[in-house]
4 protein chains.
Amino acid sequence: MINVAIEGATAYSSLELIQILLRHPEAKIVHLGGRREGNPHIAEIFPSLKGRLDMRLGGLEAEALPPGTDVVFTTLSNAVPMTLAPGYLKAGCRVIDFSADYRFTDSAIYERVYKTPHVDVENLEKAVYGLPEIFREEIAGARLVGNPGCYPTASALALAPLIAAGVVDPVGIIVDAKSGVSGRGNKPDPGSLYCACNESLSAYAVGNHRHEPEIECSLTRATGRPVSLCFTPHLIPMDRGILCTCYARMSSKVDLGELEEILQNAYGREPFVRLRKSPELPATKDVSFTNYCDVAVRIAKGDTVIAIAVIDNLMKGAASQAVQNMNVICGLPETTGLIGRL
Amino acid sequence: MINVAIEGATAYSSLELIQILLRHPEAKIVHLGGRREGNPHIAEIFPSLKGRLDMRLGGLEAEALPPGTDVVFTTLSNAVPMTLAPGYLKAGCRVIDFSADYRFTDSAIYERVYKTPHVDVENLEKAVYGLPEIFREEIAGARLVGNPGCYPTASALALAPLIAAGVVDPVGIIVDAKSGVSGRGNKPDPGSLYCACNESLSAYAVGNHRHEPEIECSLTRATGRPVSLCFTPHLIPMDRGILCTCYARMSSKVDLGELEEILQNAYGREPFVRLRKSPELPATKDVSFTNYCDVAVRIAKGDTVIAIAVIDNLMKGAASQAVQNMNVICGLPETTGLIGRL
Amino acid sequence: MINVAIEGATAYSSLELIQILLRHPEAKIVHLGGRREGNPHIAEIFPSLKGRLDMRLGGLEAEALPPGTDVVFTTLSNAVPMTLAPGYLKAGCRVIDFSADYRFTDSAIYERVYKTPHVDVENLEKAVYGLPEIFREEIAGARLVGNPGCYPTASALALAPLIAAGVVDPVGIIVDAKSGVSGRGNKPDPGSLYCACNESLSAYAVGNHRHEPEIECSLTRATGRPVSLCFTPHLIPMDRGILCTCYARMSSKVDLGELEEILQNAYGREPFVRLRKSPELPATKDVSFTNYCDVAVRIAKGDTVIAIAVIDNLMKGAASQAVQNMNVICGLPETTGLIGRL
Amino acid sequence: MINVAIEGATAYSSLELIQILLRHPEAKIVHLGGRREGNPHIAEIFPSLKGRLDMRLGGLEAEALPPGTDVVFTTLSNAVPMTLAPGYLKAGCRVIDFSADYRFTDSAIYERVYKTPHVDVENLEKAVYGLPEIFREEIAGARLVGNPGCYPTASALALAPLIAAGVVDPVGIIVDAKSGVSGRGNKPDPGSLYCACNESLSAYAVGNHRHEPEIECSLTRATGRPVSLCFTPHLIPMDRGILCTCYARMSSKVDLGELEEILQNAYGREPFVRLRKSPELPATKDVSFTNYCDVAVRIAKGDTVIAIAVIDNLMKGAASQAVQNMNVICGLPETTGLIGRL
């Protein structure tokens, strides 16, 4: 049995993580860390957990971890985990971090993108990017995993095999991405109000979203080719789900069958990536509440490859992918506790 | 007073058209044509019209038009209006058609795209494309107007000034478009069910949507440059609204200020197009229930121009644009009856 | 032309009010009062107003009103208007207040319900409850109008004629009410977040909502019978709309036709109340963005009368009803500027 | 291992049932019956099942069942299961029926409510009403279970303990119920379209919904008191969830603590019913995708008891309750395969 702590237990992704772990046959939640006054019971924060998890919030520091804690999930805001992870690691725990703090191998990129000094460069250099379909072998031996961003997960799974196969130009790619509102988190912000989001649709952070360099870095590492892309996110009136529509120039003449074969070869044995062959196209609802990523591909105008991927941003884009990483790290079958709706 | 008939009165866009015309100070609805059994009262079809329009559905043919009808709006399915419009024109009416039947100057393109012979080539050649911001002068003298598609309206307004100014490459443009569900019409189709659309998001008609050639044709005519683009529509869980995110390669070095100036010059005197200067970005809700199109522009990666436009697909994308065309044709101030929420 | 000021211009209901007044043929907005730092332009707060109203926020006090202001609408929070209205009245303005401050004739009830002393009892005693369908004659001569709450408007219009006719028991009535999220206002509160409200449904303030005594008072005054009812509101995942389902015991044997006749007699000449005769039932969408209230009635179990009313909470439940009151006060035709979608 | 067949596999509730059974440790799906032409693969109907269940639709008749089938779930329309169940029973299977065919002990009531003769009165008399919290002991020995309707489940769980305890009058109860759109099923009906349901709210079947007699019958049987109530359902713009607000006259003087104690005594040991003590109130989202029913109670006006229950209509209101019944019938722990999100 793996003893698990969750630090930052009041985030949307923590609710998902808790629900997954409560049914995971090899994991046991031993600690919830947070900063809410009065150390409230978790069911006060998430009423849906009433009767399912009898635990109060405790401290965030390594000292608050119960002895025997094996894995710490950190769902805290960017720049916080790097102040805490060294302590968890010293206490002998593996750490799976949901923030951007351990996603970049190069601290200079992190500092430019997140506009803050990186205070744990030592561990950053040992951290592994937790996208199991691409970096499974490195993850297996990792003590510290940077769990990928939601947009980067969908984008990388759509594009990596096509870039690696050399059939699309790694430069000049367009990623037009759409996300449900839970991607904004649960802070009471005017832009997150029901009446601001409902019955509306908008682009945001056009030309400067922080996931753009993350996608470029992970695809460059994954494919060995220097990837450059333009990423534009949009806010969609729904709770959860991401769809990325990726446009790339074809760089060697291929037909649709060959493109689908490339994806089939990449994902045919993957338990959580499903190729949706033409004429099928994936909808986010097909993967809601699951760890699946569904992908499809098309050719337009003879020379443009369109790769589409859908995920649940809170699941494969956060909580269930983190558990998939835990399974890999801990030597469990990768699908343990992750089958079906979560 | 302009006497107006609406043929196809049970469509979503007809409900919008009726509501606009009921308050239009210079228009009077004199006839509603449809094919529902028993010639029902319009309030049986649209309960929101109860007490506002006391009229039953009548026949679709020219013979059913009351004497003195000046303008006929046809909101019927593709391939139907071209069988009826010759009759309306012979009866002396102006015709504004919501279908694709009179949007292409070249019948061969229509026939290839819509996979049906065009049976009224004679009038097609005289028809004018009803996008007033671009073709206002031609519309003024027209007897037959092809009211633009919803996606083509938003796409053309976002791109035309930039292509015309020579700052972006007219070839290789990507238009990633998103629409609310009313764009699917009101046929009881499994894909239009609440539980199919709600909390979901998907691309459709990837690489083969019929609006792609319409956008190319209208932009080519508008700018004098041969435009080629790749158009991908997506279905969004909301009633109404379209957002088009258009990606084009910069073809001469310009900065954001110069791009905004091009748009300002094009639209500064337009009553229904609003430039949203950086850092503003438009949301579809900003234009819901109005004839407005809001546009914004950005530069990404130094060489990619991103132009964004939002409209209400049932309004500027259909009904209110048709009334704008009527105003132009009839020599009324273009904003008559079209100010604010409609 | 009526010169109009809006105090509290950043509320949802103010956006609606502004949109109505911009098209009202006899009204002119001369002042917007608010407390946002830096006196922002109204289009910074509501981008949909860009190009439609060129005005910045000014002060809330009577001294800030331009000379010649005729009518002041106050859309401020409860307990604020009663500190400002005396000044507006002294300046010679008529006041239409959206808060609860002037809805009760008896200050003791106000103080018990709102748990704050009433600081303007003098004007309270002269104020009129602004439900024109019931109190039209009093409103005509009023200088100060308490614009009714959203729930009370729908509830009173559903029930008043039936209680007045003596066919239902005025005691023991159940009002089960449902409202869209805009009823919560635009404060960034955790309970108003998209992901808190979407795909969910809940009752709130069960047994202690402040609209319960307001409904009882207005119905008691309207019918001359001492009304007692139990009011339960629910939050519905949609922007706007209220539906009240009212259950009352039949007190004299009547059939459905007689009940509908009572409503028809009450509302047959009302421009904004529509009786939906059986088998029709109203949906909130039938009245969205309008000043309409649609009502229907049924009998269940032989002895229970069910009266249903729908309104748009921001319109007939707030902004358009306020303009209807302005029309009455100013001697304009009551429907001026209020026809159709607003 | 229990071998399970699902007859009517294309219903929304079947998708839920399949997902639950795929993870149920003691069940195995051996057959899917339906009437779609060409016996399509289940993943063609429900793309979310791709890669999870490799099975095509087969026949509906008992002859099509694989040997060794233990339990048959029928999710077919009313009046169909009673023509098929005798065959399944003869083949030695237990039957759990989602329709109304086996919910009434008295065929006369069924025939009056459903306006069709009951063709299997013999088995009807042996059928058990599958609400385990109330009829657990009878279910344990049953060969044929009528799985309760969604509204009746929530209503009965809210009211039964209070009526049984004699603290509320069993006559004159009001049940004001609200349901998400999935309750309408997946037939392409105009009233089920996205644009018909979204941003709207309406009552339907007022005074004549077929669940009213079902609730009365089950509560009468459960409590031994003759229950009479007035049931009004409403359609809410969300996929799933039911909230029932039940109003009953207090019949012996009790306070809130005593009412909560009655519910606590009834449900304290139930794994799937959670009492939400004051000041908490349940939201449907708290129970989405689970087998939970959350209940709360309040007193209003001193003499009105308000009992509120929320369930997921597709889960505790259909699929997961059916699996709960299967667990009871088969002697498994009742929570097997039903913990958490399903």
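Not measured: the values here are computed from a predicted model. Residue numbering restarts at 1 for every chain, and letters A, B, ... go by the order of the sequence lines.
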Student: Is C:Leu235 close to chain D through its backbone or its side chain, or both, or neither, when contacts mean heavy atoms under 4.5 Å?
Tutor: neither
Student: Salt bridge or not between D:Glu16 and D:Arg240? Use side-chain N to carboxylate O under 4.0 Å.
Tutor: yes
Student: Can you tell me which portion of D:Lys178 sits under 4.5 Å from chain C's heavy atoms? Options are side chain, backbone, both or neither.
Tutor: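 Contact with chain C is through both the backbone and side chain of D:Lys178.
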Student: In terms of side-chain geometry, is the basic nitrogen of D:Glu280 or D:Arg274 positioned less than 4.0 Å from the acidic oxygen of its partner?
Tutor: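 Here D:Glu280 does not pair with D:Arg274 in a salt bridge, since their nearest N and O are not under 4.0 Å apart.
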Student: When only pairs under 4.5 Å are counted, which of D:Ala203, D:Ser288, D:Gly207, D:Ser278 shares the most heavy-atom pairs with chain C?
Tutor: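 Highest number of heavy-atom pairs under 4.5 Å: D:Ala203.
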Student: Who wins among D:Asn208, D:Thr304, D:Asp239, D:Ile236 for the most heavy-atom pairs under 4.5 Å with chain C?
Tutor: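 If we count pairs closer than 4.5 Å to chain C, D:Asp239 comes out on top.
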Student: Do the charged groups of D:Glu216 and C:Lys301 touch, with an N to O distance under 4.0 Å?
Tutor: yes
Student: Sort out for me which of D:Ala296, D:Ala196, D:Ser202 touches chain C most, counting heavy-atom pairs under 4.5 Å.
Tutor: D:Ser202
Student: In terms of heavy-atom pairs under 4.5 Å, which option from D:Ala283, D:Pro282, D:Gly241 contacts chain C the most?
Tutor: D:Ala283
Student: Is it true that C:Arg249 and C:Asp303 make a salt bridge, defined as a side-chain N closer than 4.0 Å to a carboxylate O?
Tutor: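 Not counted as a salt bridge, because no side-chain N and carboxylate O are separated by less than 4.0 Å.
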Student: Heavy-atom pairs under 4.5 Å with chain D: which of C:Ile174, C:Thr284, C:Asn198, C:Val206 has the most?
Tutor: C:Thr284
Student: Any Lys/Arg nitrogen of C:Arg276 or C:Asp286 sitting under 4.0 Å from an Asp/Glu carboxylate oxygen of the other?
Tutor: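 Yes, this pair counts.
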Student: Is any side-chain N of the basic residue among D:Lys277 and D:Glu260 closer than 4.0 Å to the acidic one's carboxylate O?
Tutor: no
Student: Is a donor from one side chain sitting under 3.5 angstrom from an acceptor on the other, for D:Asp312 and D:Tyr292?
Tutor: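 No, no side-chain donor-acceptor contact under 3.5 Å.
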Student: What part of C:Pro237 lies closer than 4.5 angstrom to a heavy atom of chain D: side chain, backbone, both or neither?
Tutor: both
Student: Considering only heavy atoms and a distance below 4.5 Å, find which of D:Ile308, D:Leu243, D:Ile306 pairs most often with chain C.
Tutor: D:Leu243
